[in-house]
2 protein chains.
Amino acid sequence: MDARIASRKGQRKAREKRMTAGDAVHQGPARYGRRRTGAGGRGGGGEALLGIGAAAAQAGVSQRALRYYQQLGLLTPCSSTPGGMRRYSEADISRVARIRQLQTLLGLNLDEIAIVLRHEDRMAAIKDAYRDEHATDADRRGLAAESLRLQQELRSTVQAKRAAIDSFLADLDERILRTRDILEGVAAASPARED
Amino acid sequence: MDARIASRKGQRKAREKRMTAGDAVHQGPARYGRRRTGAGGRGGGGEALLGIGAAAAQAGVSQRALRYYQQLGLLTPCSSTPGGMRRYSEADISRVARIRQLQTLLGLNLDEIAIVLRHEDRMAAIKDAYRDEHATDADRRGLAAESLRLQQELRSTVQAKRAAIDSFLADLDERILRTRDILEGVAAASPARED
DNA sequence: CCCGAATCTGACGTTGACGTTAAGATTAGG
DNA sequence: CCTAATCTTAACGTCAACGTCAGATTCGGG
């Protein structure tokens, strides 16, 4: 039972029941005034918002993680009840997915992820307020150009990682071939069943 | 000055002078009886061994890290002086490189890396003691087969990661294209210099 | 043989990313 | 309106992977 090299990382302790969505109790969607949907707000149109429990379950993370992301400014729930309870949209959930992606795939820490997300948000804002805003075209050009630069920078680091993984994979394949050779050599010397 | 998204991770605090090899003082190679070179021992033939300072500098990690790796059983220096000071071979240094690779590329933790390295060592031992050892061919076959299985398992996780990175990259490219479109749109509306 | 540089072994400190209570507030269904 | 379920903030705990002393020991050149 050594089949546990990778593909965990999310099961340190975590008692939190972790139900994958709608398991027993209701806790389901609710509707609330998702204020300030204009400009930079995630949260589509009239979709059902989730409480932190359901959102965490959907996203596959803990409630604590969601609150922590909020503390660091990575993810502000698109709305909240008058009493101060967080309400997450589907867009919020996918944002969590992106955070996890940047974490596990690229190995960025949350501060770095915050930077990346901020720039992505900026681009979205530019796109949204493309003519609404009363900014000059020069402003727009500057912002877009800067975001382009940053995205390309990210792209180059990702590509470097990809190249590294490729060479790693090639190395591994070579090792596997050698192992297979050895195995065949032994098998030839003292043959056993083959499939 | 936002050009710091990735490509650091090794500069938290770290006062340790971090000289890249031969900077001021001597501390260079030394010769000592590298005991037990047979069977599983890294440490080529009559190469010069390094003290922990030089080794750490070469490998680009701290001395503490090297000692820590040893504690966890990831890397035992191929030799040591009668007084108990560690001596590292070039093979040891590349082992450190592999450790870092598994860390940063695949995001494995040191325990998982220990498992991987142990299996790689096992394979090397099998190769070395291919006829020297007085094991039966069945033994050899079993070991090689097991290692093959494990290597293929690792390979599949690596490939999954590669696929994930590829799709990430594709997504990023799409974003970049859209950004470029916006930029061109604005440039058309209010043209500035182009290069 | 001596001395300064390098290294040794503890042992405690740090940092990021949460986990885990605790005690009180909010919500939604009946 | 009541109550169980869900959520809130605040605070402390944890774990990996080292960083950072401190005091003793070892090495190697003169």
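Just so it is clear: chains get the letters A, B, ... in the order the sequence lines come, proteins before strands, and each one is counted from 1.
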Atom-to-atom span, CG of B/L74 to C1' of D/dA17 - whole angstrom: 12 Å
Atom pair distance, as rounded to whole Å: CG in B/L49 and P in D/dC27: 14 Å
Options D/dG19, D/dA17, C/dC18, nucleotide nearest the side-chain atoms of B/R64: D/dG19
Separation of atom CG in B/L75 from atom P in D/dA17, rounded to whole Å: 15 Å
Between B/R149 and B/Q152, a side-chain donor and acceptor under 3.5 Å: no
Nucleotide C/dA17, atom P - distance to CG of A/L72 in whole Å: 7 Å
Set of side-chain hydrogen bond (donor to acceptor under 3.5 Å, both in side chains) partners for B/D171, sequence neighbours left out: B/R175
Proximity to the side chain of B/M85 - top-ranked nucleotide from D/dG19, D/dC27, C/dC18: D/dC27
Any B/S62 side-chain N or O less than 4.0 Å from OP1/OP2 of D/dC18: no
Main-chain N/O of B/L148 paired to A/R180 side chain as donor or acceptor, under 3.5 Å: no
N/O (side chain, A/Y69) to phosphate O (OP1/OP2, C/dA17) under 4.0 Å: no
Protein-nucleotide distance (A/L66, atom CG; D/dC7, atom P), rounded to Å: 11 Å
Candidate nucleotides C/dT7, D/dA17, C/dG16, ranked by approach to the side chain of A/N109 - the nearest: C/dG16
side-chain contact (heavy atoms from CB on, under 4.5 Å) partners of A/M123, counting only residues at least two apart: A/I126, A/S147, A/Q151, B/T179, B/I182
Value in whole Å for how far the C1' atom of C/dT7 lies from CG of B/L50: 14 Å
Euclidean distance, atom CZ of residue A/R87 to atom C1' of D/dT8 [Å, nearest integer]: 12 Å
Short side-chain N/O contact to D/dC18 OP1/OP2 from B/Q103, under 4.0 Å: yes
Check: A/S89 main-chain N/O paired with A/D92 side-chain donor or acceptor under 3.5 Å: yes
Distance test, side-chain N/O of A/R67 to OP1/OP2 of D/dT8, below 4.0 Å: yes
Side-chain N,O (B/T81) to OP1/OP2 (D/dT26) below 4.0 Å: no
Separation of atom CD in B/Q63 from atom C1' in D/dC18, rounded to whole Å: 13 Å
Closest-nucleotide ordering on DNA chain C, the 5'-leading residue of A/Y68 and A/G84: A/Y68
C/dC8 OP1/OP2 closer than 4.0 Å to side-chain N/O of B/R86: yes
